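Chain letters run A, B, ... following the sequence lines, proteins first, then strands; residues in each count from 1. Here the structure is a predicted model, which is why all the values come from computation and not from measurement.
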Protein chains: 2
Amino acid sequence: MANIFDVAKKAGVSIKTVSRVLNNAPNVRQATQDKVRASMMALDYQPSNAARELRSGRSKSIGILLGDPSSGFQARLHHAALQACSDAGFFLTVGLFDESADDWAGQLDDFLSRSRVENMILVPPLCDSEVLHAHMRDRGISFGLISPSRPVPDAYSIGMDEQQAAFDITMHLIRMGHRQIGHITGPTGHVATGLRLAGYQAALAESGIQPNPDWVRPGKFHFRDAQICAERMLANREERPTAIFAANDEMAAAVCFTANSLGLDVPRDLSVVGFDDVAIATTIWPPLTTVAQPFNAMADAAIRLLVNRPSETRSPPDSSILQLEYQLKIRSSAAPPIHQ
Amino acid sequence: MANIFDVAKKAGVSIKTVSRVLNNAPNVRQATQDKVRASMMALDYQPSNAARELRSGRSKSIGILLGDPSSGFQARLHHAALQACSDAGFFLTVGLFDESADDWAGQLDDFLSRSRVENMILVPPLCDSEVLHAHMRDRGISFGLISPSRPVPDAYSIGMDEQQAAFDITMHLIRMGHRQIGHITGPTGHVATGLRLAGYQAALAESGIQPNPDWVRPGKFHFRDAQICAERMLANREERPTAIFAANDEMAAAVCFTANSLGLDVPRDLSVVGFDDVAIATTIWPPLTTVAQPFNAMADAAIRLLVNRPSETRSPPDSSILQLEYQLKIRSSAAPPIHQ
DNA sequence: TTGAAAGCGCTACCAG
DNA sequence: CTGGTAGCGCTTTCAA
């Protein structure tokens, strides 16, 4: 494989000039640049990451810590990070993380030493750990947080307006004509749980709908728990919701499942909406109407901020969360209620 | 961060000796080794991958090409590869691959140039592409194939006995007392489809059960298609299967879904079994009885073979598939039929 | 069994 | 705007 000397020789310049072109340094005449680039092209030149990293001390990898692989949310974020890295010419170095183990800091340290990355992306629930933040600061690691509960000093925080999204999707149901709307929440203690619930409540309030406390139940983000919630909510044939908003897609799938087993057709007899837009939303049938989190945009933003930090954004991260645009995905799990 | 000179100085040896210890080279006295290791420990020394790679030309990364992120199968394999790499002290470099694009060879070349890996793992469907094999051979890349349809010269092939597994899980149903067993197949053209079907048929034959052609239907490995198959199979209340073996877990989930909507309880009125043991198998309720593919063992084996190649297994790969042990996961989606 | 020294491919300092 | 040259941290020949 060709190296920088080959390119320089072919272009009739010094290796330093080739290096400048490679790094988009200023002060290279356009004509020289073109010559160099042509030469690189002709030789199918690819710079050696190892050499660049060794010499510059800067790594072309961005680290991410991932836990539960069966979580659709993490899987989706993982894929988005992969995509974003690839687009930015970086590599993603994944550290498998045991969230249930005690030693979070130790696990982080091991990963940092082994991988030598200097940029990290943290996703929930790790992104809210102050111990982890402190360790990264100590080691001079820059980090981006995706969907943290609150911004963190010296870190880039990226998220979306979850409450507004929950409001919107509930309003979608209301505008279709639903007034009996249930909600299955996430686990207590999880920020998203509160935000999504608040959005749901605000939508009801704004529409003058009296909330029914029996129709708000805790599903812990799990299929099984949500199934039980749905059974309870739908048990009373006289008085049951015509629509259910589940705080994530796995739970929405569970609601569909339960409805079916009670002889209810989705969406004819019951509308169901979810949140996140992960794999299961389009695996099952009917596909779920849900809130699509801007996973790709979030990962892109995180990487761009991390990577452009010294030049473009020369300021240290401000202490706020960069809110990205979510999207309502209208699919077929929700429809107007049947009025008799 | 400490470097090899620091370690050498502290241990009172030359850097060459430290290097020998690092690489488990022979010809280092035990006492010297201990001294060096102690010194490494004390300084919290981590060798620089960049420097090692630059000098030796050998990379600590193993490449993998991944396509459809919503495929539970690929997601599971991805995670297994991550785990195996981490255990072996390697890094996994993922290339996002567009299986639906034409230019497979071009995509591979790009990845290879950019990443500079010299070891690759290929998973279905890429692992069966002869174009890809040829390109890797040309570039001197060693590669391991997971679940290829047939072994490939100069490559390590790893898989499991799919037909036997399909036989086993069908027999599991039969031993519970089922005699009316349906099967939903994968897409035609996919090796696993034929193997799993053959295992199913062999089990029926061995048990003297007359196969019912209406009860074998094509689900293409997709939830939606399988749902339609299940509706057809279960439509006839007089004459319908008491158990269905779906050729993957997503389709088994679809069968559960359909059964529910027809007022059938799983497993009381219908037993359902799947294949693969991916995330959805334990997300839904009841959890699926299924065949657990040895994902972790397959990834481990692939990496071990790739990495130990020069020394341990000095022979080039023999042209056979290393068959690993699968496991029947007995969960609650299958039970004995109710006899009246 | 150990050590001295060369050099992998690149970036960065300092000249010109 | 461009070039010479030192050196990142390690592995590897070659000697001892």
Separation of atom CZ in Arg20(A) from atom P in dT11(C), rounded to whole Å: 12 Å

For atom CG of Asn3(B) and atom P of dC8(D), their distance in whole Å: 8 Å

Minimum-distance nucleotide (side-chain atoms of Ser19(B) versus dG9(C), dC14(C), dT11(D)): dT11(D)

Over all atoms of both residues, closest heavy-atom pair of Leu96(A) and Gln107(A): O-OE1, 4.3 Å

Nearest-nucleotide pick for Lys16(B), side chain only, options being dT12(D), dC1(D), dA12(C): dT12(D)

Any donor-acceptor N/O pair under 3.5 Å between dT2(C) base and Arg29(B) side chain: no

Exam field: side chain Ser113(B) to backbone Asp109(B), donor-acceptor pair closer than 3.5 Å: yes

Whole-Å gap separating P (dT1(C)) and NZ (Lys35(B)): 14 Å

Salt-bridge criterion met for Arg150(B) and Glu130(B) (N-O under 4.0 Å): yes

Spacing between Gln33(A) atom CD and dT2(D) atom P, to the nearest angstrom: 9 Å

Given dC10(D), dC10(C), dT2(C), the nucleotide with the shortest approach to the side chain of Pro47(A): dC10(C)

OP1 or OP2 of dT11(C) under 4.0 Å from side-chain N/O of Asn23(A): yes

Sugar-phosphate only, base, or nothing, as touched by Val13(A) at under 4.0 Å among non-hydrogen atoms: sugar-phosphate

Nearest-angstrom distance from the residue atom CG of Asp6(A) to P of dG9(C): 9 Å

Value in whole Å for how far the P atom of dG7(C) lies from CZ of Arg52(B): 22 Å

Check: Arg55(B) side chain, dG9(C) base, donor-acceptor under 3.5 Å: no

N or O in side chain of Thr32(A) less than 4.0 angstrom from dT2(D) OP1/OP2: yes

Listed nucleotide nearest any side-chain atom of Leu54(B), set dG9(C), dC14(C), dT12(D): dG9(C)

Flag, side chain of Arg137(B) to backbone of Pro153(B), donor-acceptor distance under 3.5 Å: yes

Side-chain heavy-atom pair Leu112(B), His135(B) within 4.5 angstrom cut-off: no

Candidate list Leu122(B), Val131(B), Asp103(B), Leu132(B), test side-chain contact (heavy atoms from CB on, under 4.5 Å), partner Leu108(B), passing option: Leu132(B)

Distance, rounded to the nearest Å, where Lys9(A) contributes NZ and dG3(D) contributes P: 15 Å

Contact nearer the 5' end of DNA chain C, comparing Ala51(A) with Ser14(B): Ser14(B)

Nearest listed nucleotide, side chain of Ile15(B), among dG9(C), dT11(D), dG3(D): dT11(D)

Short side-chain N/O contact to dC10(D) OP1/OP2 from Ser48(B), under 4.0 Å: no

Rounded distance (Å) that lies between atom C1' of dT5(D) and atom CZ of Phe5(A): 10 Å

Touch class at under 4.0 angstrom, heavy-atom based, for Arg58(A) against every strand present: sugar-phosphate

